[in-house]
Amino acid sequence: MSTNESTLVEHVHRDDVGSRMGMWLFLFTELLLFGGMFLLYSVYKFQYPDEFFLAAKELNTIMGAFNTAVLLTSSLTMALSIVAIQRNQKVLSMLLQMVTIFLALFFLVNKYFEWSAKFSHGIYPGSEELLSKSSGEILFFGLYYVMTGLHGIHVLVGIFLIAVMTRMTRMGKITHDNYVRLENTGLYWHLVDIIWIFLFPLFYLIT
Amino acid sequence: MEKHDYYHEHSHSYGIYILVWLALMALTAITVAVAGMDIGKFTVATALIIASFKAYLVLTIFMHLRSETKTFLIFVIVALLFLGISFVLLFSDYSFQ
Amino acid sequence: MSTVAAATGSNGHEPSYLDYKGKHSGILGWILSTDHKRIGILYLISLSLFFLVGVGFGFLMRLELISPGRTIMDPQTYNSFFTLHGVIMIFLFVVPGIPAVFGNFFLPILIGAKDVAFPRINLLSWYLYVFGGLLAIVAILLPGGPADTGWTFYVPYSIRTNTNVIIALLAAFILGFSSILTGLNFVTTVHRLKAPGMSWFKLPLSVWGLYSTAWVQVLATPIIGITLLLVAIERLLGVGIFDPALGGDPVLYQHLFWIYSHPAVYIMILPAMGIVSEVIPVFSRRTIFGYKFIAFSSVAIALFGSLVWAHHMFTAGMSDTGQFVFSLLTMLVAIPSAIKVFNWVATLYKGSIDLATPMLYVLAFIFLFTIGGLTGVMQGVLSIDIQVHDTSFIVAHFHYVMFGGTGFGFFAALHYWFPKMFGKMYNRKTAKTSFWFLFIGFNLLYFPMFIMGWLGMPRRYYDYLPEFHSYHLISTIGSWILIIGLLLMVYNLYRAIRKGKVVTEKNVWGGETLEWQIDTPPIHENFSEVPVIENDPYQYKMNEEILEKEETS
Amino acid sequence: MFDDVSNFVNSVDATFLFTLIVSVFFLVLITILMIVFVIKYNRKRNPKGTNIKGNMVLEITWIVIPTILVLVMFWFGWEGYLEMVDVPEDAIPVNVTAKMWEWSFEYEDGTTTDTLYVPVNRPVKLILQSVDVNHSFFIPAFRLKKDVFPNTERIAWFQAKETGEYDIACSEYCGLNHSYMYSKIIVLPDEDFNNWMYGMSEEDLKLLNEMTKSDN
């Protein structure tokens, strides 16, 4: 380990590296939280390959791809907002953060339409339509709802966090020489993006 | 730690992020296109390889892993290894049933 | 350690953390404090209360089993009691135990820091702990009654039963979250806040234990978190995930459950092993034998411990390959534990041993943990596990490890650091008396379960065949002796806080780690000056100086 | 403990005995060393300690020896386990159904009982399934245990060596009356089993049941 890590950091002193380290560790827990569900997914996919294939056809690939693009773009604007604050371009940074929020909301709206389309076809947990399907398909949709739902909750939390960051930027609490909170929010947002990067092919592209 | 070096440690230019974004969009397009083709059992594998590459780009560039100290890199490897081993061991049961 | 003493001596005017006046006073000064020492004490109090509740359930269960047939309760109550006993003891005592109390109090001091990396998150984790704890218990008062699934919540029973399973699941989830926050706090603290000169191999061994534990907490806990959450979602919304009626796989639930819960076993034992490594050199007054082997074996245990979860499932009908791999890995995880035990015993060799109470607990730890560990190896052997799985043999084994190991480690830490934490001394004679009650009661309580288990007494049984009566009777009598010991210990420590002899001496036991170089009790900031570390943690230079003197004279 | 009543008993018990001896040896070794050191190097007797930082040879010894021992144990266990999964082809199949909180046994010809009758010295194959929650089929005297799941079959087998009556227990927690989910396995001489299986009326069956019960 490098020597500067063992430097004693005063209690009142800021330790940006430490904050980021804590954030990364937290992200690992998020990663493994979803990791547990990916474990489930992989076993059931292995046990019911044909049913999963069949069920995945029900999902709208175009919609999923479009949403992936939206989320990737929001990741870009988030990353750019940090560059902006580093360069002391406060207004630009706030603007980029707001674009990120907008894209995230857009993602959720899309998701809402997707879910309600499924619901209107009678495919929702416990519905007769779903229960009449094969075990593999029930499990596929169970996982679909739980995983995208939990991901959606993470998007919601992300929106809230970014909104707080925008406010803090406006109030001058996040500045070009003190922006670790914005950075950590960014880290969180990118992780939400990474999880979607895996959810997308596993649910939409296995046809 | 030098007193001021913490707020310049990962200044990228705007350009690199936009480049990475373009790459991510392109990869998304590719993965959708590949899924449309009929390549049998390689469908999932290809999709996952492309997804991993996308995740790698996000991790290193968007999440600045490239410019963090080595400790962070080791951390990420440990976490991924833990998850990876869980997969391998779980399938030591399931794939032989 | 003269080099450090110069840097850490206090000016004698600063008030201790107990008298420190911050923004708030009175009770608010405690429950809103972000001082790691005060949070440690908060944990100690809440944890002890939950522990006693857990002991209460255990006592009642043992009383029910004193004779065959109904004794004092019906089967439903009994089933809820063993569930509550398990949930409370695992999630509220053994898992948080040493890290949350002694880790919080001493980890920053041991590495020469003023606090943990994220003091406010530290306080938050205590609130989550208390909230989760109350949630786990509150179901007793609700219609439907507390969960009756066992702490393992195996599906599909946990989906079918009408008791308040969801509340218990949420409680476990919240407690897991609290544990994660403590873990990430400790990892960051060890990486970022070590005092100047405190290199990795100068860390006290308990820090190695806590550090390895913290990693397992961060990496393994989320998996049980999501698993339990999924069971709750499945119960609530009927989403098909584990329920076999919907095509789910109950064995997969067991896999996911144990992916966390087996590493959790090491979350429970590693910190206690750290305590043992800390106490033995102090009371043997010599340097530790094989520092690096003990340190690395902690990491190895954390690592291997994450690879062996399915040895809880040898009768579940896994594939032969699965059985082979998990049995083999299980056997290998025994090695780092064996390394530790041998190094501890070797540290006694040519020491100057003082059998004070902490040392007694530590020696008992080694004895009981060896029994627990060796019977653990037996269960790793496939054909033997088929016979003893889900019998009271297992119950005996994990109580030897969890209670005889972690519990006794906790008591050792409590008696070791008590004077430093409170600036008071307990009655040493009473402490030793209570130790002997605990030790004898413990063995009477749990050893018969090994024999019964081998003979075919399944676990989680409300009633049993008459042939097991004498074993159960001895076991129940043992529980009484154990509880007398416990109550005596609690009384002794409580009395000590109230009117014990005041201790102002910095170094009560002659330890060489940093906590013994600062004021008793510590001041709010721990160190009045930043310590600079030059020596290994267990140097005992005086031994060599005396030796040299003898040789020259 | 060593009643050789079924085919797995010898191998399981021998492995158990081996691990037990090794374990007791190490436990005694460690305990005696601790006691000797505590007495010999007591602070009164030995006021100053000697610093010994470690010893590579010792460390390697106590890593290598236990490793070899546990690998040997592992191997015995694995061998023993393989016998348990290697079902002979001529085994008599019996469908075992578990439900809260009783067992039922169905033979090839459709006969259904709540007590398991088997012939001595002939392999029996159990096809286990549950109708509700998880259970576990456990015959302590035979060293036989297998978890039982809903919607999935599990297979176990054994060959009884002595006639007699043994307990069947449920060892996976399954709710309210888990501890009462006992049944019996009755091992009959070949002849008696054939009589029962192929030539017995309901009344004879009852009679036999009573006879075996009164044996207790």
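Remember, predicted model here, so these are calculated numbers, not experimental data. Every chain is numbered from 1, with letters handed out A, B, ... down the list of sequences.
Top candidate by heavy-atom pairs under 4.5 Å with chain C, chosen from Gly175(D), Gly80(D), Pro150(D), Pro47(D), is Gly175(D). Between chain D and the residues Ser284(C), Pro336(C), Pro281(C), Pro250(C), the most heavy-atom pairs under 4.5 angstrom are made by Pro250(C). Among the candidates Ile63(D), Leu82(D), Ile139(D), Val148(D), the residue making the largest number of heavy-atom pairs closer than 4.5 Å to chain C is Ile63(D). In terms of heavy-atom pairs under 4.5 angstrom with chain D, the leader among Thr330(C), Val377(C), Ile366(C) is Ile366(C). Ranking Tyr173(D), Phe37(D), Tyr182(D) against chain C, the residue ahead of the rest is Tyr173(D), based on heavy-atom pairs under 4.5 Å. In terms of heavy-atom pairs under 4.5 Å with chain C, the best-connected choice from Pro140(D), Ala169(D), Cys174(D) is Pro140(D). In terms of heavy-atom pairs under 4.5 Å with chain C, the best-connected choice from Glu83(D), Lys146(D), Lys53(D) is Lys53(D).
If you measure heavy-atom distances from Thr15(D) to chain C, the contacts under 4.5 Å come from both the backbone and the side chain. Residue Ile155(D) does not touch chain C at all, counting heavy-atom pairs closer than 4.5 Å. At a 4.5 Å heavy-atom cutoff, the contact between Asp132(D) and chain C is made by backbone atoms alone. For a residue to count as touching a neighbouring chain, one of its non-hydrogen atoms must lie under 4.5 Å from one of that chain's; by this rule Pro66(D) touches chain C with backbone and side chain alike. Residue contact with chain C, scored on non-hydrogen atoms closer than 4.5 Å, involves the backbone and the side chain of Glu172(D) alike. Within the 4.5 angstrom heavy-atom criterion, only side-chain atoms of Val85(D), from C-beta onward, approach chain C. Looking at Leu69(D), there are no atoms closer than 4.5 Å to chain C (heavy atoms on both sides), in backbone or side chain. Proximity to chain C is limited to the side chain of Met84(D), based on heavy atoms less than 4.5 angstrom apart. Proximity to chain D is limited to the side chain of Ile335(C), based on heavy atoms less than 4.5 angstrom apart.
Side-chain atoms of Asn46(D) do not come within 3.5 Å of backbone N or O of Ile353(C) as any donor-acceptor pair. Checking side-chain atoms of Asn151(D) against main-chain N and O of Pro244(C) turns up a donor-acceptor pair under 3.5 Å. The backbone N or O of Ala316(C) lies less than 3.5 Å from a partner atom in the side chain of Arg154(D), making a donor-acceptor pair. Between the side chain of Asn51(D) and the backbone N or O of Arg286(C), no donor-acceptor pair lies under 3.5 Å.
Counting only heavy atoms from C-beta outward, the side chains of Arg285(C) and Lys48(D) never approach each other to under 4.5 Å. Under the 4.5 Å side-chain criterion, counting only non-hydrogen atoms from C-beta, Pro458(C) is in contact with Phe138(D). Between Met34(D) and Phe367(C) the shortest side-chain heavy-atom distance falls below 4.5 Å. Looking at heavy atoms from C-beta onward, Met378(C) lies in side-chain contact with Leu20(D) at the 4.5 angstrom threshold.
Both tests do not hold together for Arg43(D) against Trp509(C): distance to the six-membered ring centre under 6.0 Å, angle to the ring axis within 45°.
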- Message: With side chain to side chain contact (heavy atoms under 4.5 Å, CB included) as the criterion, how do Ile52(D) and Tyr349(C) come out once you've worked through the C-alpha distance, each side chain's angles and the decisive distance to 0.1 Å?
- Response: CA-CA 9 Å; Ile52(D) 304 167; Tyr349(C) 177 66; 3.7 Å; yes
- Could you give me the CA-CA distance, side-chain angles and deciding distance for Asn134(D) and Tyr157(C), then say whether side chain to side chain contact (heavy atoms under 4.5 Å, CB included) is met? CA-CA 7 Å; Asn134(D) 304 348; Tyr157(C) 187 73; over 6 Å; no
- Message: With side chain to side chain contact (heavy atoms under 4.5 Å, CB included) as the criterion, how do Val38(D) and Leu363(C) come out once you've worked through the C-alpha distance, each side chain's angles and the decisive distance to 0.1 Å?
- Response: CA-CA 10 Å; Val38(D) 166; Leu363(C) 295 178; 3.7 Å; yes
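For Asn343(C) and Glu59(D), the side-chain atoms include at least one donor-acceptor pair closer than 3.5 Å. Inspection of the Asp463(C) and Tyr180(D) side chains reveals an N or O donor paired with an N or O acceptor under 3.5 Å.
Taking the ring centroids of Tyr81(D) and Phe314(C), they lie at or beyond the 6.0 Å cut-off. Aromatic ring centres of Phe74(D) and Phe324(C) lie closer together than 6.0 Å. Between Tyr461(C) and His178(D), the distance from one ring center to the other falls under 6.0 angstrom.
Residues Ile30(D) and Val345(C) come closest through the heavy atom pair CG2-CG2, 3.9 Å.
In this structure, CG on Leu176(D) lies 8.0 Å from CG on Asp74(C), to the nearest 0.5 angstrom.
The existence of a salt bridge linking Lys44(D) and Asp354(C) is excluded, since no basic side-chain nitrogen approaches an acidic carboxylate oxygen closer than 4.0 Å.
Of the residues Thr315(C), Asp385(C), Val388(C), the one that meets the side-chain contact (heavy atoms from CB on, under 4.5 Å) test with Lys145(D) is Thr315(C).
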